[in-house]
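The structure under discussion appears below in the form of structure tokens.
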Amino acid sequence: MSGERYNPREMEPHWQEVWDQRQSFVTSNDDPREPYYVLEMFPYPSGRIHMGHVRNYAMGDVVARYHRARGKNVLHPMGWDAFGLPAENAAIERKTHPGTWTRANIATMKGQLKSMGLSIDWTREFATCEPEYYKHQQAMFIDMMAAGLVTRKQSKVNWDPVDMTVLANEQVIDGKGWRSGAVVEQRELTQWFFKISDFAEELLEALDGLTEWPEKVRTMQRNWIGRSEGLRLLFEMVPNNTVNAGSIEVFTTRPDTIFGASFVALSPDHPLTAELARSNPALAEFVEETRRLGTATETIEKAEKKGVFTGLQVKHPVLDGQTLPVYVANFVLMDYGTGAIFGCPAHDQRDLDFARKYDLPVIPVVLPPDADAASFAIGDEAYVDTGHIFNSGFLSGLSIAEAKTAAAQFFAERTVDGKPQGKVEVNYRLRDWGVSRQRYWGCPIPVIHCEVCGTLPVPNKDLPVVLPEDVTFDKPGNALDHHPTWKHVPCPQCGGPARRETDTMDTFVDSSWYYARFTAPQAETPTVPDIANRWLPVDQYIGGVEHAILHLLYSRYFTRAMKATGHVGLDEPFKGLFTQGMVTHETYRSAAGEWVAPVDVVLETSGETRSATHLETGAPISIGSVEKMSKSKKNVVDPDEIVATYGADTARWFMLSDSPPERDVQWTEAGVEGASRFQQRIWRLVGDTVALRAQSQDLPPVAADEEATALRRAAHRAVQQVADDIEGLRFNRAVAQIYELTNALVRSSGLVSAAPAARLAALEEGVGYLVQLIAPMMPHLAETCWQALGREGLVADAPWPQVDPALLVDNDVVMPIQVNGKRRGEITVAKGTAPAEIERMVLSLEAIARMLDGKTPRKIVVVPDRIVNVVV
RNA sequence: GCGGGCGUGGUGGAAUGGUAGACACACCGGACUUAAAAUCCGGAGGGGGUAUCCCCGUGCGGGUUCGAGUCCCGCCGCCCGCACCA
């Protein structure tokens, strides 16, 4: 057998079947061993898996298989994030049902995932589009309504008048709908919201406890929540005939600069603006104009600071007798704070731009540390750094922080309209989570609207609210709304005619609790709290960084909502988070500039130049930049083809090699071939080992020699280091360790005949370990080798090798010797040799003596067992 | 603009403040072979001496240290996220 090549095409399906039959990866909730939950972000069933999935699931599988070997009860499930717009679009294009398309995709992709040999408990599989899943989501929605976590309110949305649907911001391109191309309108719609903003402070504070999350993701969430501490401040209106409001409330984080105020500005969407616009055509026109520009983000960036004077004045809050003009300005957002600001041009760039345009005063009130109060002036740039307050009455001389406190206190004690003039307030950028979608293919919101009784939850006995199957997609808009009968139901309270809610939930709701459902996927309740609490939080969650904010923030919120409604007993769903990099590939173009897929390209290397030609036509192809694999650039490699050609193990190994997992990895044909060669190399090593054992049977036993001990050291050290690297998710380093061990074993397999018994034993031990080390990464090859070595059972069931601590420490250490920090030689000494002894040895070295050139060293630094530095 | 990250051979990348370049890919040489593939052995940061030696070298400039790819300060470049947030 040693001459035969390893054939993954034959062995991989074989072992997959063995694992299946033995139910090797089915996890029991009653297992008394320590639980470990590893989860990869579940896929959207778009049609076929891509290399990004392969990378994601290869990593997760290494973690799962490793912890299983470590004796833990590992939960490693898989499911489908199956609701969403692509299914509806496919339904329209193919004149089929979204469910038909989705379920067919799931079947295909499940087959693909199975061919990867993942250690998944498929008995826990579910798809979010099935009533068995979403009925629990509806039940929780109702629980959340009862707990006051859900609200229904008017909100401005992007409305596509052609497709008759709400669009997410990212679906609006240049102010037009991404599908229809129609100019998007801003509409006020009544929508359902989860009150995530009530949890803003908690979600922010708890980030500090997520120590096993990437700092980057925590920072992104922090920014997204966007906490800012400031003051709500009332500006008393100078009496006028236009409006009857007594005051304007602004929000500011810089009350310390109040003496520098030179205007007040309202948002175009401010209620007072609307009131004024009724009798002011110029203002009405301005509001209309800003609205038109409102949707296109690129224009906002460059938009000039513009405004219209309202004719109103407010009293200056600290300078008696002075007034400030009130403008409506395009840069003031209604969504944030109170929708009104006071402008301090000297210390805010936007305010300064505005003030210069409309000739408003610029009054510096913060003096930079090294500036002179008499001559300090503001040019084109606002001064936003630290300094001391000046020109500011009772605030003068204070630091910015002190002045903020003093101003807050001052305004808290004064009243306007019988209310305190100032009130300290914390503001968040985080908005409530609007979950209403005017789409068919989502979880129906379980609510009934009755003219008499109002908005009522669907009674529990009537759940689930199932999507009707007989729908058509020939009209734009929400197919649920078009359905002739579905929405007409009797009111659950009065029995009179009522109407079902036809909005469905954002698909992010589906993915906000699936990890909890996996712990008891067949339960009659959304979760079984005892079981969920035992498994959760997920020990290691792995997925793309593109979900750093939305999915992960929503899940953190939803876990809290589930806690509030008694479905789980914890706040944070994911203890460890890892965000893996993307899979990239070179791009290729024909002379005509068309993208060409890698399968159609033949690459050639001659010396240092690489060239490419078309596989069929032989026409020259230009090699372009390395980019994320994408259909539009055709630089994709199909996992199925790789599995068919090289096997799943090769694909998995390559995905784990070389690149650190959090960085992008470049898929190359050469890299895959290297991985495939390594697979054969291990197989040969196993074959050689077995053959050597057979040849050596009658040789007399010999004591262990240095060679054998050295090999054992290498093997035990590799076991230790691979374990450390897997636990730290440094898969590329684990791979390098495995290469090193393999090299050592291959080298010594050639030396075995010299001292058969001891060396053969060391070799067999090392090869056995090697097989166990590769098992999490190349599980099929590992099983085949395990069997060839004649080991018991499956390597998937074998416990992780026990390392002998004595073999991890060397008796001798090689100490480099530096002279003035430059390496000039080395000595080998017994571990723990006294520094004085080392100094003596170092000085007697010829190379060192030559460097010293007769001089006496000023100092000799000896770092025990590490390094020596001679300072001259 | 704000926030985060990164910068090391031909390439991907290693390196608790302690021998820079582990490991791999690509490349070059040799062995085996009629030949090729596969495999095995060896070489390789740059420059010079070519022996077993010396100089330079982790984006650039400073600093701390016996010793800096690593820590600090200031630049340059690239990537990602957010962005009129008062």
Side-chain angles (χ1 to χ4, degrees), chain A residues 5 214-224 226-228 230-231 250-255 257 265 267 297 300-305 329-333 335-344 347-351 353-354 384 427-430 545-546 548-549 581 605-608 610 626 654 657-660 662-666 668-675 677-678 680-681 684 730 732-743 746-747 750 814-826 847 850 857-863 865-872:
Chain A
R5 284 174 66 79
E215 191 52 48
K216 177 191 166 105
V217 174
R218 293 197 286 168
T219 307
M220 282 165 72
Q221 292 212 354
R222 245 176 236 125
N223 294 341
W224 187 262
R227 182 185 200 275
S228 68
L231 198 68
V250 307
F251 177 73
T252 179
T253 57
R254 295 297 302 273
T257 63
S267 163
T297 15
I300 288 176
E301 290 169 36
K302 292 155 201 142
E304 198 185 352
K305 307 285 171 276
N330 63 353
F331 64 92
V332 183
L333 306 173
D335 278 357
Y336 190 78
T338 62
I341 61 156
F342 81 77
C344 176
H347 306 292
D348 182 289
Q349 192 58 46
R350 289 157 306 167
D351 296 350
D353 294 346
F354 191 80
V384 294
N427 248 298
Y428 300 93
R429 212 183 67 105
L430 183 66
V545 74
E546 66 272 20
I549 296 174
T605 311
S606 66
E608 277 168 28
R610 295 172 68 236
V626 175
F654 177 60
S657 314
D658 293 352
S659 286
E662 69 278 8
R663 273 195 235 171
D664 291 353
V665 63
Q666 190 188 340
T668 61
E669 190 75 6
V672 179
E673 276 168 7
R677 276 200 301 273
F678 181 63
Q680 298 297 343
R681 189 161 192 240
R684 272 195 310 278
R730 296 178 296 265
N732 56 321
R733 279 177 45 178
V735 164
Q737 299 289 353
I738 290 171
Y739 273 119
E740 227 162 321
L741 175 61
T742 307
N743 290 342
V746 167
R747 233 176 286 126
V814 177
M815 293 179 76
I817 298 156
Q818 297 178 332
V819 177
N820 289 338
K822 285 197 163 72
R823 185 185 169 282
R824 297 295 173 188
E826 60 181 40
R850 195 170 57 232
R858 203 145 54 86
K859 188 175 170 187
I860 298 177
V861 181
V862 178
V863 184
D865 299 339
R866 292 228 75 134
I867 201 164
V868 182
N869 194 7
V870 182
V871 187
V872 186

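Naming convention: chains lettered A, B, ... in sequence-line order (proteins, then strands); numbering from 1 in each chain.
- Side-chain nitrogen and oxygen atoms of A/Asn732 include at least one within less than 4.0 Å of the OP1 or OP2 phosphate oxygen of B/A14.
- Looking at A/Val735 and A/Phe654, their side chains never come closer than 4.5 Å, going by heavy atoms from C-beta outward.
- Residue A/Thr253 has its side chain nearest to B/A86 when only B/A86, B/C23, B/G67 are considered.
- In this structure, A/Tyr336 reaches the B/A86 phosphate: one of its side-chain N or O atoms is under 4.0 Å from OP1 or OP2.
- The nucleotide B/G45 finds its pairing partner in B/C56, both defining distances of the Watson-Crick or G-U wobble pair being shorter than 3.5 Å.
- If you measure from atom CD1 of A/Ile549 to atom P of B/C80, you get 15 Å, rounded to the nearest angstrom.
- One atom, CD of A/Glu662, and another, C1' of B/C80, lie 14 Å apart when rounded to the nearest Å.
- OP1 or OP2 of B/A83 sits under 4.0 Å from a side-chain N or O of A/Arg429.
- Backbone-only engagement by A/Asn743 is indicated by non-hydrogen atom pairs under 4.0 Å involving sugar-phosphate atoms exclusively.
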Next item on the list: Start with the C-alpha gap between A/Arg823 and A/Ile817, add the side-chain angles, then the distance that decides, and say whether side-chain contact (heavy atoms from CB on, under 4.5 Å) holds.
Entry: CA-CA 6 Å; A/Arg823 185 185 169 282; A/Ile817 298 156; over 6 Å; no
Margin query: Before you tell me yes or no, could you show the steps for A/Glu662 and A/Lys216 under salt bridge (Lys or Arg N to Asp or Glu O under 4.0 Å), namely the whole-Å CA-CA distance, both residues' side-chain angles and the distance that decides it to 0.1 Å?
Written below: CA-CA 11 Å; A/Glu662 69 278 8; A/Lys216 177 191 166 105; over 6 Å; no
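- For the pair A/Arg684 and B/C40, the criterion of a side-chain N or O lying under 4.0 Å from OP1 or OP2 is met.
- Checking B/C23, B/A86, B/G4 against every side-chain atom of A/Arg350, the shortest atom distance belongs to B/A86.
- Between A/Gln666 and A/Asn869, the residue whose closest nucleotide on RNA chain B is further toward the 5' end is A/Gln666.
- Residue A/Pro660 has its side chain nearest to B/G13 when only B/C84, B/U19, B/G13 are considered.
- The residue A/Arg254 sits close only to the backbone: its heavy atoms come under 4.0 Å of sugar-phosphate atoms, none of a base.
- Within 4.0 Å (heavy atoms only), A/Val863 reaches at least one base atom of the nucleic acid.
- Taking the side chain of A/Ala670 as heavy atoms from C-beta on, and the options B/C23, B/C85, B/A26, the nearest nucleotide is B/A26.
- Listed nucleotides B/A86, B/C56, B/C66 differ in distance to A/Leu333; the shortest reach to its side chain belongs to B/A86.
- Shown here for A/Asp351 and A/Phe342, the closest heavy-atom pair between the two residues is OD2-O, 4.0 Å.
- Nearest-nucleotide positions on RNA chain B place A/Gln818 closer to the 5' end than the other of A/Gln818 and A/Glu740.
- Rounded to a whole angstrom, the distance from the C1' atom of B/C80 to that of B/U19 is 36 Å.
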Next item on the list: Report the C-alpha separation of A/Val871 and A/Ile860 in whole Å, then their side-chain angles, then the decisive distance to 0.1 Å, and conclude whether the side-chain contact (heavy atoms from CB on, under 4.5 Å) test is met.
Entry: CA-CA 6 Å; A/Val871 187; A/Ile860 298 177; over 6 Å; no
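- For B/G4, the O4'-C1' to base torsion is more than 90° from 0; the nucleotide is therefore anti.
- Taking only side-chain nitrogens and oxygens, A/Arg747 never comes nearer than 4.0 Å to OP1 or OP2 of B/C40.
- Here B/A38 is the nucleotide among B/A38, B/A22, B/A24 with the atom lying nearest to any side-chain atom of A/Arg677.
- If you check B/U39, B/C40, B/C55 against the side chain of A/Arg681, the one that comes closest is B/C40.
- We find that CD of A/Glu673 is positioned 8 Å from P of B/A26, with the value rounded to whole Å.
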Next item on the list: Give the C-alpha distance, both sets of side-chain angles, the deciding distance and a yes or no for side-chain contact (heavy atoms from CB on, under 4.5 Å) between A/Val217 and A/Thr219.
Entry: CA-CA 5 Å; A/Val217 174; A/Thr219 307; over 6 Å; no
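- Note: CG (A/Asp664) to P (B/G81) measures 11 Å, nearest angstrom.
- The nucleotide B/G61 finds its pairing partner in B/C73, both defining distances of the Watson-Crick or G-U wobble pair being shorter than 3.5 Å.
- The P atoms of B/A26 and B/C76 are separated by 40 Å, rounded to the nearest whole Å.
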Checklist line | Residues A/Phe251, A/Ser228; criterion side-chain contact (heavy atoms from CB on, under 4.5 Å); working and verdict | finding: CA-CA 11 Å; A/Phe251 177 73; A/Ser228 68; 4.0 Å; yes
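- Pair check for B/A36 finds none; no Watson-Crick or G-U wobble contact set falls under 3.5 Å.
- For the OP1/OP2 pair of B/G81 and a distance below 4.0 Å, the side-chain nitrogens and oxygens of A/Arg218 include no atom meeting the criterion.
- Checked against B/G12, B/C66, B/C56, the side chain of A/Asp658 finds its nearest nucleotide in B/G12.
- When both pairing distances are held under 3.5 Å, B/G9 makes no Watson-Crick or G-U pair with any nucleotide shown.
- Using a 4.0 Å heavy-atom criterion, one finds that A/Val332 contacts the bases of the nucleic acid, with or without backbone contacts as well.
- Residue contacts shown for A/Arg824 are limited to sugar-phosphate atoms, with no base heavy atom under 4.0 Å away.
- When distances run from any side-chain atom of A/Thr219 to the nucleotides B/U19, B/G12, B/G4, the shortest one goes to B/G4.
- Residues A/Gly339 and A/Val332 share a closest heavy-atom pair of O-CG1, 3.5 Å.
- OP1 or OP2 of B/G13 sits under 4.0 Å from a side-chain N or O of A/Arg663.
- Pairing for B/A86 is absent, with no Watson-Crick or G-U wobble pair whose two atom distances lie under 3.5 Å.
- Base contact: A/Phe251 has a heavy atom under 4.0 Å from a base atom.
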